[in-house]
Amino acid sequence: MYNEKVMDHFEHPRNQGAIEAADGTGEVGNAQCGDIMKIYLKVEADVITDVKFQTFGCGAAVASSSMATELIKGRTLAEAWELSNKAVAEALEGLPPQKLHCSVLAEEAIHTAINDYRTKHGLEAWEETGSHTH
Amino acid sequence: MYNEKVMDHFEHPRNQGAIEAADGTGEVGNAQCGDIMKIYLKVEADVITDVKFQTFGCGAAVASSSMATELIKGRTLAEAWELSNKAVAEALEGLPPQKLHCSVLAEEAIHTAINDYRTKHGLEAWEETGSHTH
Amino acid sequence: MNTDKRLVYMDHAATTATRPEVAEAMLPYMTGHFGNPSSLYDLAKASREALEEARERVAAAIGAEPKQVYFTSGGTESDNWALKGVAFAKKEKGSHIITSVVEHHAISHTCEWLEKQGFSVTYLPVDRFGMVNPADVEAAITPETILITVMMANNEVGTIQPVAEIGAIAKKHGVLFHTDAVQAVGHIPVDVGELNIDLLSLSGHKFHGPKGTGALYIGPGVRLDPLMHGGAQERGRRAGTENVPGIVGLGLAVSLAVADMAENAERLTALRDRLTAGLLAIPHTYLNGHPDKRLPNNVNVVFEFIEGESILLLLNRYGIAASTGSACSSRSLDPSHVLMACGLPHEVVHGSLRLTLGEETTEADVDYVIAAVKEVVQRLRDMSPLTPPELRSQSIGGDKICITRR
Amino acid sequence: MNTDKRLVYMDHAATTATRPEVAEAMLPYMTGHFGNPSSLYDLAKASREALEEARERVAAAIGAEPKQVYFTSGGTESDNWALKGVAFAKKEKGSHIITSVVEHHAISHTCEWLEKQGFSVTYLPVDRFGMVNPADVEAAITPETILITVMMANNEVGTIQPVAEIGAIAKKHGVLFHTDAVQAVGHIPVDVGELNIDLLSLSGHKFHGPKGTGALYIGPGVRLDPLMHGGAQERGRRAGTENVPGIVGLGLAVSLAVADMAENAERLTALRDRLTAGLLAIPHTYLNGHPDKRLPNNVNVVFEFIEGESILLLLNRYGIAASTGSACSSRSLDPSHVLMACGLPHEVVHGSLRLTLGEETTEADVDYVIAAVKEVVQRLRDMSPLTPPELRSQSIGGDKICITRR
Ligand SMILES: Cc1ncc(COP(=O)(O)O)c(C=O)c1O
Ligand SMILES: Cc1ncc(COP(=O)(O)O)c(C=O)c1O
């Protein structure tokens with residue numbers, strides 16, 4: 001059902017864990033739907049110097065979290081904001097259609113974490129463009 | 001589908017053929033239903049001295065004709081009249097339920113032949129009691 | 001009576017033996033790779049892949065895409081599903097179905113049941129060769145018509161219907177077209193695209209695949225209710241744990257059948273024609289079905305004055321397996337509706353004999369059957385009260401039947 | 001991560017391997033005795049006899065008479081046939097059906113479809129063990145009620161329903177009673193007479209028989225429309241060329257299953273209880289289904305804070321095949337309706353794990369699974385944002401997941 005890349009990220013998740021006193025955190029999803037993703041950001045001079053995730057969810061949810069955190073690590077917040085769910089899914093070399101929503105969750109979790117950072121720092125929250133590819 | 005006795009009478013029919021100038025003949029059934037049975041009787045002093053049959057029909061029809069003629073050969077007409085379809089089927093050690101009508105045909109053909117003989121000889125036709133066992 | 005214990009199977013339209021290599025290919029999926037294909041553990045992978053490979057094979061055999069192929073338990077299920085599925089899904093749109101009088105009971109009895117549920121059905125007549133006239137199909141279409149179902153090749157008389165023309169008419173009028181191709185697939189070329197077919201039924205055991213397997217092709221955009229409600233197998237359209245070994249067998253069998261098809265058809269056509277000629281040499285014998293628009297392996301004749309079950313029982317003693325349209329050999333006690341529809345009188349229908357050839361049939365088999373049928377027909381004609389005197393045998397004694405003269 | 005390549009199949013409720021002797025018994029009917037059982041030539045005799053022997057075996061396994069057993073393509077077909085067959089046959093008499101909320105989709109989705117056709121359906125609730133209350137059944141009966149269908153044993157949580165009581169109620173009110181015994185036959189004693197059952201579904205692949213085979217028991221005097229219209233097979237009630245090899249396999253498998261049943265059940269119950277105890281030792285873990293009125297081979301638990309598909313994927317790496325009620329692993333993306341019906345909150349349903357044992361399961365397997373599940377659960381809890389701190393593992397390094405503290 002999942003390709004090797006997805007299984008690799010599921011079984012050996014990168015950046016799994018929590019960051020105490022993170023500069024920004026974002027939690028999306030809900031247990032009822034079977035997916036919760038929480039992203040922790042460490043930000044220095046607008047650059048994401050560290051990122052961790054915690055995920056309750058299926059293989060695709062874990063793999064998407066893992067991949068998404070890899071993709072934004074070391075990037076500026078503006079770059080990280082641009083990460084689309086599609087890019088996450090592509091980096092994973094594809095997800096089953098019914099699992100694409102997991103990559104959306106990752107995008108949303110990152111956005112939430114970034115805006116958490118921004119509002120904490122007195123900046124305006126960026127606005128969602130709402131163009132997820134399902 | 002058929003037992004050995006039926007198959008034996010089907011494959012080696014007794015009394016198959018016609019009697020020229022028979023004393024009584026009886027033909028029942030119709031080609032539309034797929035069964036026609038014709039019985040030829042030779043009668044001497046009220047006794048059936050010879051009997052032949054011709055049958056268009058299935059295995060059970062042929063076997064019933066063969067068995068029925070065997071059962072009435074050498075019998076008086078009154079005895080032959082008493083031959084029931086049930087007795088024919090029993091003598092054949094059973095017929096499939098949907099084939100019982102073939103034994104009825106044999107009984108009817110014999111009755112028709114006997115009454116043919118009787119009416120030709122100025123006797124009253126015997127009446128059917130109508131108690132076939134289907 | 002001939003006691004030669006030769007076995008000549010000439011009932012391939014009824015069923016065929018599963019090819020040994022097909023049976024062998026199924027075995028690993030029974031005992032080893034037995035996992036439920038929808039499970040996510042490794043054990044399920046082999047079954048899942050086998051399932052999809054089989055789907056590709058079936059699709060390739062009929063010019064379809066794999067995702068348009070849905071596995072079923074046989075031709076009967078495919079037929080029932082196509083008809084009831086479309087009827088229930090489209091009942092808001094219309095309630096009229098067009099079919100022919102020569103369909104298999106899996107179609108005709110389903111239509112009769114749908115009539116009881118409030119649908120109306122037009123049963124188109126056929127000509128004396130068992131052929132539907134496409135113009136009749138077109139004329140029968142009303143705004144209420146939701147489905148046309150006409151078989152590709154007839155199982156009794158072998159007539160091949162003008163499916164391409166009917167498909168074109170269906171398309172022109174925007175009506176769905178289903179064809180029961182149970183006797184066609186693996187025997188004659190079938191291409192759902194070229195023929196404008198929306199739904200197509202096939203059955204594994206008619207081309208040396210396993211019994212209890214079949215498929216329904218469902219074209220793009222066709223909506224139909226499931227016949228089997230339940231789990232989400234077959235993309236939610238046909239529930240039930242997949243019969244993986246059976247499906248594997250079906251896939252392999254159809255590939256093998258199609259690979260040899262052209263060659264086989266040519267050889268069988270020659271044998272068929274030889275057999276037909278041999279049988280028609282018997283007086284008062286007639287061919288049923290179309291003289292050349294017919295399946296390469298189908299011979300169907302009637303012998304006047306005799307009955308089919310008797311023919312079969314005697315042929316069985318020669319080791320010959322065949323079939324008849326006589327009422328006496330059908331469990332329903334009705335004579336063949338197909339032969340009746342071709343205009344044969346009742347009494348003649350009873351004297352029909354169907355011989356359907358297969359891959360393993362040889363010329364020697366054909367000649368043996370011709371000789372055996374001649375003997376059997378004579379023997380039964382000698383016994384029949386209907387036989388005119390000139391057709392009766394004059395021989396006396398031996399195992400032959402003799403007419404008593406006194 | 002453990003790299004032991006041991007294979008432990010604990011998904012017997014999903015499907016089972018066909019026993020080698022069953023597969024072997026089927027083979028001759030594929031390639032040799034392949035004749036259509038309804039034909040009258042000698043070749044058909046072996047298939048016909050095999051068919052009837054299988055019918056006797058199935059009948060004996062459920063306390064029925066052979067003529068009350070009708071072969072189908074599986075549990076799904078039997079369920080669909082029973083429900084639709086009775087509904088359409090009795091629609092003049094009434095249009096109300098009673099069922100439960102924990103039925104297999106082959107029942108529930110069929111009921112939903114029947115609702116669209118104008119029937120009304122009462123879905124009875126269950127208690128927290130998944131058990132239907134017979135008093136609820138009785139209370140739901142109206143003069144319109146034509147059928148009660150309640151399963152014998154639940155496929156997810158293993159709960160055995162009070163079928164005898166429900167049967168008695170159905171009888172008292174003159175309402176037909178169907179039971180889906182797909183998970184019961186071959187596993188626990190079943191007697192249609194004692195239980196007052198009018199219709200019963202079973203499926204071959206749940207007791208080491210072939211996939212794509214099943215049967216419907218139809219009691220005396222029960223009228224139902226066919227689901228498969230067509231030929232006159234199965235005494236005119238279920239059309240389609242008989243899957244003789246499959247039926248032979250079904251017959252043999254059910255005989256073998258029933259012969260070993262008592263002994264097996266005892267052994268499996270002990271293993272089941274050992275497995276349950278081992279798993280319940282994991283904190284925040286709860287048993288689903290009835291503690292003792294349950295199938296001898298079924299264990300179903302929920303682990304809080306984690307999701308089932310992830311559990312399965314990791315267990316798969318230990319060579320363990322299991323199943324879950326999590327939405328994420330179902331193609332429909334709905335969480336188990338059975339667990340929901342037992343009152344479990346959504347989020348907990350996602351963390352369910354079903355382990356179903358079989359004949360070949362050993363104590364060593366059970367212990368291996370307990371150890372593996374412990375590791376997997378801990379690993380996933382370490383990853384989950386929901387896990388309370390006291391449940392998180394403190395270990396660092398190795399293949400274990402470590403919490404980053406900065
Ligand atoms: C034309 C046709 N349609 C449908 C069927 C039914 O197929 P099955 O017996 O595999 O269900 C058959 C054969 O029996 C057939 O010849
Ligand atoms: C309780 C129950 N009913 C019906 C079915 C359907 O049986 P099958 O998959 O053999 O069609 C199953 C198994 O899938 C089941 O567990």
Side-chain angles (χ1 to χ4, degrees), chain C residues 7 9 11 14-18 20 23 27 30-32 34-36 38-43 73-77 79-80 88 104-106 109-110 113 117 203 205 210-213 225 227-232 236 239-246 309 312-313 316 321 323 329-332, chain D residues 7 9 11 14-18 20 23 27 30-31 34-36 38-43 73-77 79-80 88 104-106 109-110 113 117 203 205 210-213 225 227-232 236 239-246 309 312-313 316 321-323 329-332:
Chain C
L7 221 156
Y9 185 70
D11 204 14
T15 193
T16 58
T18 302
L27 265 186
M30 305 187 92
T31 50
F34 68 91
N36 197 320
S38 45
S39 302
L40 50 66
Y41 36 78
D42 290 347
L43 183 67
S73 67
T76 297
E77 182 185 334
D79 285 347
N80 273 263
F88 284 105
H104 189 270
H105 282 153
H109 288 344
T110 301
W113 184 80
Q117 310 311 321
S203 177
H205 70 102
K211 294 185 183 16
T213 67
D225 279 14
L227 180 67
M228 300 285 183
H229 289 88
T241 303
E242 300 90 340
N243 175 5
V244 179
E309 188 201 280
L312 295 193
L313 288 171
N316 182 46
S323 124
S329 98
S330 84
R331 270 167 302 197
S332 63
Chain D
L7 223 156
Y9 185 71
D11 204 15
T15 192
T16 59
T18 301
L27 265 185
M30 306 188 91
T31 50
F34 68 91
N36 197 320
S38 45
S39 302
L40 50 65
Y41 36 78
D42 290 347
L43 183 66
S73 66
T76 298
E77 182 185 335
D79 284 347
N80 274 262
F88 284 105
H104 189 270
H105 282 153
H109 289 345
T110 301
W113 184 81
Q117 310 311 321
S203 178
H205 71 101
K211 292 184 180 29
T213 67
D225 279 15
L227 180 68
M228 300 284 184
H229 289 88
T241 303
E242 300 90 341
N243 175 5
V244 180
E309 188 200 280
L312 296 193
L313 288 171
N316 181 45
S323 126
S329 98
S330 86
R331 270 167 302 197
S332 62

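Proteins get letters first, then strands, A, B, ... in listed order; numbering begins at 1 in each.
For H229(C) against T76(D), the heavy-atom pair with the smallest separation is O-CG2, 3.4 Å. Residue L40(D) comes nearest to N316(C) through the heavy atom pair O-ND2, 4.5 Å, listed as atom of the first residue, atom of the second, then distance.
Counting heavy-atom pairs closer than 4.5 Å to chain C, the top-ranked of the candidates T241(D), N80(D), T31(D), L43(D) is N80(D). By number of non-hydrogen pairs under 4.5 angstrom with chain C, the leading residue of P20(D), A17(D), G240(D) is A17(D). Of the listed residues (V244(C), L313(C), D225(C)), the greatest number of heavy-atom pairs within a distance under 4.5 Å of chain D belongs to D225(C). When the candidates G74(D), A239(D), P245(D) are compared by the number of heavy-atom contacts under 4.5 Å with chain C, A239(D) comes out ahead.
You'll find the side chain of K211(D) reaches within 4.5 Å of the side chain of F34(C), heavy atoms only. A heavy-atom distance below 4.5 Å is not found between the side chains of D42(D) and L7(C).
Residue contact with chain C, scored on non-hydrogen atoms closer than 4.5 Å, is absent for T213(D). Of the two parts of S39(C), only the side chain, counted from C-beta on, holds a non-hydrogen atom closer than 4.5 Å to a non-hydrogen atom of chain D. When heavy atoms are compared at a cutoff of 4.5 Å, D79(C) does not approach chain D at all. Neither the backbone nor the side chain of S203(C) comes within less than 4.5 Å of any heavy atom in chain D. Using a 4.5 Å cut-off between heavy atoms, N243(C) touches chain D through backbone and side chain atoms alike.
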Working for side chain to side chain contact (heavy atoms under 4.5 Å, CB included), residues T110(D) and M228(C)
CA-CA 8 Å; T110(D) 301; M228(C) 300 285 183; over 6 Å; no
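Once rounded to the nearest 0.5 Å, the distance linking CD of E77(C) with CD of E77(D) reads 6.5 Å.
Ring planes of W113(C) and F88(D): perpendicular class, angle over 60° (limits at 30 and 60°).
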